[in-house]
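Structure record follows, encoded as structure tokens.
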Amino acid sequence: MDRPPLLCVNYAPGEFAGSAKIKQLKNYLVVILAIAVLMVMAISASTLYQSYQQTRQSAVSNASNVTLVSQRAISRNLEMLSLSLDTLAYRFQHPLSARRLNDAQRYAYLFGSTTNVSHIAVMAVLDADGRVQVSSRLGRGKGAPHYADRAYFIAHRDSPTVGLYVSRPMQASLGNELQVVVLSKRLSNEDGSFAGVVVMALDLAYFRALFEGLALGDEGIISLYSDEGIAYMRVPYRETIIGRDISQTGNFQRLRAMLSEEEGSFFAYATNDGVRRLYTFRRIPGSPLIVFVGYAEEAIFKTWRKTFYAVLVSLAIFGLLTVWLLLHVRQELRRRVTAERQLEALARTDGLTGLLNRRALDEALQATWERCQRNLGASFSVLFIDVDYFKAYNDTYGHKLGDTVLKEVAATLTARLPRHTDCAGRYGGEEFVVLLEQTDLQGAQMMAQRLCDAVRERHIAHTASPLAVVTISVGVATLERDHHRRVEDVLNAADAALYRAKRDGRNAVRVSGME
């Protein structure tokens, strides 16, 4: 009898030549295993390093996205508030002259709907001497104090090019001791000379409400500082931090060198709580403000550290197993040097229906999936088919006729598939799968309905079915690159659609994603 081909080239038929041969093979195996161990360690180290870098980069990217969202929200609102100041300035300098307005009408003309904005504490117009001319709170019976000594007034008085001025945080005596930041713009006479200032006190709770809606993870923070190192807001909120000057801290000194850029990131220990974080910052255009996001390093690398320890344990186990293998190598050699061949490939055809069997079907699906991954213009659809009330048919007519029905259904599927690239396979029991390459959802739905109609039109008697004839239900799914990460996802989507078809009464076609 001919011997089958052998997989191990070091094996020779018959008995071993002696212990010398076994020893030689053992030495070969020792070298091979040593190389394998080194390769595994090198690959593990490389993978861990790449994973570390990817985790870090992902954290930087996520933090940068959060700062970008916050920057755009703050910038957009500052622009709107600046326009509100411009509107107040224009209306103050251009009063309505068609008729005389009473106090309520003049108040409404000047301040309009801005008085109802929850975070605007007050709006006012100051003259060239710093006295309040009109105020959204004066309109409610308040007095008119003097503000010529305030930084925001002096800045506009001394320079016509300041634009929108953002003050430091301050305590406003408005009846509820709000912490506010004052936004101001210059008023100019027709000749360009200083005519006063329009101001708006913005409640700092605005920034707190904006930041508290963001997910920051364990020990994560988001804060707002000026480029001078003054704290405007911090979440988690701490009242004692508002207005604090951190310009002399080591972290801010490190940051100062980076402020020439619009954005950046760095790792550092926090001055307030000592937690090491990844800080990402982004400037607010047209203002001195900088938004910071801090992700705790422990939270960022928590999953990576678990992977790291798992790899170490795996390497230790692998090393122990290698030692054990070397200790038992002689016995293993005697057991394994015999011819080892792969069994011949399993038959690709299902013996009953003549369609692809499950293994061949899985291979076809995987091959199609891989082609679609290489070619972004390629696509495919899957039809998941089930024979309706098949168990009842078997119970009524017997399994032999049930097998005949499966053959009839398979023949119908084969006859109705027009292209050589389309294929059908038996998934298991009374379930079938049809693979349609380069077919969109609409085309797949039409094909599914055609198959459903074709089986029904065979008029195979089925007295146990409410429909009186053998029918099928079909679920349809098409590759969606944004949602399907594996070929199994497409198949599962078709299966879910099939479930809806059967739930809705059978003899029906349902499409994935369409309830």
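Keep in mind that this is a model prediction, so the values were computed, not measured. Atoms considered below: every heavy atom in the structure, side chains included; atoms not considered: hydrogens, waters and symmetry mates.
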Less than 3.5 Å apart, which donor and acceptor atoms pair up between the side chains of residues 282-303 and the rest of the protein, not counting sequence neighbours?
from: R282; atom 1: NE; to: T67; atom 2: OG1; distance (Å): 3.3
from: R282; atom 1: NH1; to: E263; atom 2: OE2; distance (Å): 3.2
from: R282; atom 1: NH2; to: S64; atom 2: O; distance (Å): 3.3
from: R282; atom 1: NH2; to: S64; atom 2: OG; distance (Å): 2.7
from: R282; atom 1: NH2; to: E263; atom 2: OE1; distance (Å): 3.1
from: R283; atom 1: NE; to: L259; atom 2: O; distance (Å): 3.2
from: R283; atom 1: NH2; to: L259; atom 2: O; distance (Å): 3.2
from: S287; atom 1: OG; to: I284; atom 2: O; distance (Å): 3.0
from: S287; atom 1: OG; to: L289; atom 2: N; distance (Å): 3.3
from: E297; atom 1: OE1; to: R276; atom 2: NE; distance (Å): 3.2
from: E297; atom 1: OE2; to: R276; atom 2: NE; distance (Å): 3.2

Check: [Y] main-chain N/O paired with [X] side-chain donor or acceptor under 3.5 Å:
{"X": "S512", "Y": "A477", "answer": "no"}
{"X": "S61", "Y": "Q57", "answer": "no"}
{"X": "D127", "Y": "G130", "answer": "yes"}
{"X": "D440", "Y": "G443", "answer": "yes"}
{"X": "D489", "Y": "R486", "answer": "yes"}
{"X": "Q179", "Y": "Y232", "answer": "no"}

Notebook entry, point to check: Got a sec, which residues hit side chain to side chain contact (heavy atoms under 4.5 Å, CB included) with V40, two or more places apart in sequence or on another chain?
Noted result: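 Testing V40 for side chain to side chain contact (heavy atoms under 4.5 Å, CB included), a comparison that skips the adjacent residues, returns S44, L315, F318.
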Notebook entry, point to check: Sequence neighbours excluded, which residues qualify as side-chain hydrogen bond (donor to acceptor under 3.5 Å, both in side chains) partners of D191?
Noted result: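 Listed in chain order: S193.
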Margin query: I need the minimum non-hydrogen distance between S84 and M200, along with the two atoms involved.
Written below: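 Between these two residues, the closest heavy atoms are CB-CE, 4.0 Å.
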Notebook entry, point to check: Between K185 and S82, which heavy-atom pair has the shortest distance, and what is it?
Noted result: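 Heavy atoms of K185 and S82 come nearest at NZ-OG, 2.9 Å.
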Check: Do the two ring centres, one from F211 and one from Y237, sit under 6.0 Å apart?
Finding: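 Between Y237 and F211, which both carry aromatic rings, the centre distance is not below 6.0 Å.
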Hey, can you pull the donor-acceptor pairs under 3.5 Å for the side chains in residues 48-56, sequence neighbours left out?
from: Y49; atom 1: OH; to: Q53; atom 2: NE2; distance (Å): 3.4
from: Q50; atom 1: NE2; to: S46; atom 2: OG; distance (Å): 3.3
from: T55; atom 1: OG1; to: S51; atom 2: O; distance (Å): 2.8

Listed pairs under 3.5 Å, donor-acceptor, residues 150-164 side chains, sequence neighbours left out:
from: H156; atom 1: NE2; to: S184; atom 2: O; distance (Å): 3.2
from: H156; atom 1: NE2; to: S184; atom 2: OG; distance (Å): 2.9
from: S159; atom 1: OG; to: T161; atom 2: N; distance (Å): 3.4
from: S159; atom 1: OG; to: T161; atom 2: OG1; distance (Å): 3.1

Notebook entry, point to check: Would D388 and S473 satisfy side chain to side chain donor-acceptor pair (under 3.5 Å), going step by step from the backbone distance to the final call?
Noted result: CA-CA 7 Å; D388 298 329; S473 297; 2.7 Å; yes
Margin query: Would you say that more than 12 heavy atoms from the other residues, nucleotides or ligands in this model lie under 6.0 Å from the CD of Q449, or not?
Written below: yes
Next item on the list: Return each pair, listed once, that meets salt bridge (charged side-chain N to carboxylate O under 4.0 Å, His left out) where at least one residue sits in residues 60-78; pairs must be two or more places apart or across chains.
Entry: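 Qualifying pairs, neighbours excluded: none.
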